[in-house]
Amino acid sequence: MTGCYVCQSPANLYCGKCHVAVYCSKDHQKQDWKLHKTQCSPYRICQSPTLGRYLEASRDIAAGDVILTDSPLLLGPKQVTMPVCLGCFSPVDGSYSCSQCGWPMCSSDCEMMSLHKPECQLSQSRSSPVQVKKFLQMNEMYECITPLRCLWLRDNEPQKWKDLMQMESHYEERKNTDIFEINQTNVAEFVQKYLFVKDFNDEEVHKICGIIDVNGFEIPGPNIVGLYGKACLLEHSCIPNTARAYDQQLNIIVRAAVPIKKGEHLTTTYSDPMWGTTNRQYHLRTTKYFKCICSRCQDPTELGTHLSSILCKSCSGNMILSPSPLNPEAYVCQDCGISTSMEEADFMLKQIGERLVVLKDAPLSVSEAFLRDTSKQLSENHYYRTDVKFAIAQMYGRKEEDIDELHKDLLDRKEQLCRDVLRLADLFSPGVTRLCGLLRFELGQCIRERYRRLPKKHKIQAPAKTLLQEAADLLKQASVVLLLESQMQDEYQLGLQAEDDLEEVNKLLAKCRI
Ligand SMILES: C[S@@+](CC[C@H](N)C(=O)[O-])C[C@H]1O[C@@H](n2cnc3c(N)ncnc32)[C@H](O)[C@@H]1O
């Protein structure tokens with residue numbers, strides 16, 4: 001939106017505070033101020049040679065405050081997906097196809113959705129309907145859909161196309177990479193040779209593929225990627241200060257996760273804050289084309305957590321990436337100085353990673369065995385171990401038995417795991433974030449259950465009240481965070497449960513006369 005906020009005519013005079021509202025003249029800016037000052041964005045758009053465009057807080061922002069809400073420029077299936085309906089994104093089996101173009105859909109209702117118009121129109125360049133034959137597995141035919149939805153904007157929605165074209169594509173860096181080759185075959189050539197769409201040259205197609213990869217947000221839950229004109233300006237940090245959520249229309253809502261001071265950059269995470277440095281760096285380098293040099297990435301101990309450290313075979317000390325996690329040559333023991341080559345460590349990590357894959361469907365005892373075995377190879381907080389701890393912290397009291405049937409030792413175990421992972425989450429994904437919300441929810445359940453198990457006479461003693469108060473604090477914080485999620489998400493349902501449980505705990509607290 002680049003029209004004057006008052007009269008919509010072409011405008012280039014930006015509000016000096018937020019650099020978002022734009023006017024055609026000083027008069028219109030003055031005229032709008034009374035209204036605009038109540039809405040003036042808490043951020044401004046800035047530019048730097050290393051970051052490109054980025055967002056900066058234009059005033060102090062409190063944790064939980066909405067920084068921006070942005071509607072999608074477009075939505076499409078993720079690049080690698082199995083066949084999904086091109087209207088509602090549910091998996092499809094081929095039993096219904098669009099009457100106009102032949103792409104499989106759910107129903108005539110989905111066929112009519114405006115979302116589907118771009119590929120529907122463009123696919124009609126073929127003389128016969130599109131035929132999809134491979135269902136319930138990844139299907140490379142779908143790699144062209146989101147790019148087509150972008151390319152279609154060029155001739156149909158010029159303002160959106162202009163917004164899209166401002167986004168970073170890293171076109172030059174992508175040339176000669178594997179992904180460039182894949183896009184050449186599965187998008188550029190597929191569009192020209194199978195769909196008979198000749199309107200877009202290879203460079204345009206590759207730029208669009210880059211824009212999707214670099215700027216697209218993977219929306220949790222369904223198989224959707226969304227492009228958002230304002231939210232894409234958030235820069236990456238391995239300890240982000242904002243959190244993202246989506247409403248039912250898939251508008252993105254960006255909130256301050258922690259208090260943010262005027263002048264601070266607004267950051268999100270493009271990777272996963274609970275991954276180790278090497279994995280985050282690899283992901284950022286190969287999909288976003290930059291090297292993160294944040295303080296966490298430069299600290300071989302990752303703020304003293306040793307999230308990426310392995311254990312020394314000689315003295316069991318923590319072995320860190322040396323001489324620096326950004327240019328590692330070996331793992332070196334902090335205690336005895338012995339080193340292990342990157343190849344040897346990578347081989348061990350790969351083997352452990354393969355064990356991880358099968359844990360999801362196995363009994364919890366197999367995950368516990370994994371944690372026991374790896375305690376001699378990996379640091380206590382290693383990201384592999386933390387991943388498993390987080391998974392089983394959620395499953396105890398849910399997967400094999402309900403929490404009120406859980407053996408006391410297992411209840412203690414769940415509580416310990418929640419506390420261990422929460423310590424790390426509070427460092428790397430701090431504040432009003434989904435991860436902290438989930439962990440506080442689980443921990444709140446443990447504490448509430450510990451109270452429930454107290455003998456009746458102990459329930460009127462001071463330690464019982466302390467337990468109830470802790471449960472109430474945890475459930476309150478969990479419900480506040482989880483209810484910010486979209487109602488479609490499981491997290492939202494847990495938020496509702498946290499709210500109910502909190503009510504019950506508060507009633508018990510009110511009865512406590514200690
Ligand atoms: C989603 S875009 C962000 C907006 C972009 N800066 C622009 O001008 O359109 C992602 C790109 O921004 C740059 N970027 C974001 N965070 C960065 C960071 N922490 N360090 C260096 N570059 C970063 C990288 O070029 C990255 O590929």
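Each ligand, and each atom within it, is numbered from 1 in the order the structure gives. Every value quoted in this text rests on a predicted model; they were computed, and no experiment measured them.
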Going by atom types alone, do Thr242 and Arg255 pair a side-chain donor with an acceptor below 3.5 Å?
no
In terms of its nearest heavy atom to atom 13 (C) of ligand 1, the top option of Leu51, Thr50, Thr269 is Leu51
**Item:** Arg419 and Glu442 ion-paired at < 4.0 Å
**Value:** no
In this structure, atom 18 (C) of ligand 1 is nearest to the protein heavy atom Phe290 CE1, 3.3 Å
min-distance protein heavy atom vs atom 3 (C) of ligand 1 -> Cys232 O, 3.1 Å
Among His236, Lys288, His265, Lys291, the residue with a heavy atom nearest to atom 16 (N) of ligand 1 is His236
The atoms of ligand 1 lying under 4.0 Å from a heavy atom of Val214, numbered in the order shown, are 1 (C), 10 (C), 27 (O)
Of all protein heavy atoms, the one nearest atom 2 (S) of ligand 1 is Asn215 OD1, 3.5 Å
query = Below 3.5 angstrom, do we get any N/O pair linking Arg53 and ligand 1?
reply = yes
Contacts under 3.5 angstrom, residues 207-221 side chains, donor-acceptor by atom type, not counting sequence neighbours:
residue, atom, partner, partner atom, Å
Lys207, NZ, Glu203, OE2, 3.3
Asp213, OD2, Arg174, NH1, 3.0
Asp213, OD2, Arg174, NH2, 3.1
Asn215, ND2, Glu168, O, 2.8
Asn215, ND2, Ile211, O, 3.0

So for Tyr270 against ligand 1, with non-hydrogen atoms under 4.0 Å, the contacting part is side chain
(Q) Is a donor from one side chain sitting under 3.5 angstrom from an acceptor on the other, for Glu302 and Thr277? (A) yes
May I ask you to check whether Trp103 and Tyr142 place their ring centers less than 6.0 Å from one another? yes
List the atom pairs, donor and acceptor, that lie under 3.5 Å between side-chain atoms in residues 43-63 and the rest of the protein, sequence neighbours left out.
residue, atom, partner, partner atom, Å
Arg44, NE, Glu56, OE2, 3.3
Arg44, NH1, Lys17, O, 2.6
Ser48, OG, Thr50, N, 3.3
Ser48, OG, Thr50, OG1, 3.3
Ser48, OG, Leu51, N, 2.9
Arg53, NH1, Gln166, OE1, 3.0
Arg53, NH2, Gln166, O, 2.8
Ser58, OG, Ser41, O, 3.0
Ser58, OG, Pro42, O, 3.2
Ser58, OG, Tyr43, N, 3.3
Asp60, OD1, Lys262, N, 2.8

The answer for which part of His170 has a heavy atom under 4.0 Å from ligand 1 is side chain
Within 4.0 Å of some non-hydrogen atom of Gly52, the atoms of ligand 1 are 6 (N), 8 (O)
Looking at Asp426 and Arg440, is there a salt bridge between them, counting it only when a charged N and a carboxylate O are closer than 4.0 Å?
yes
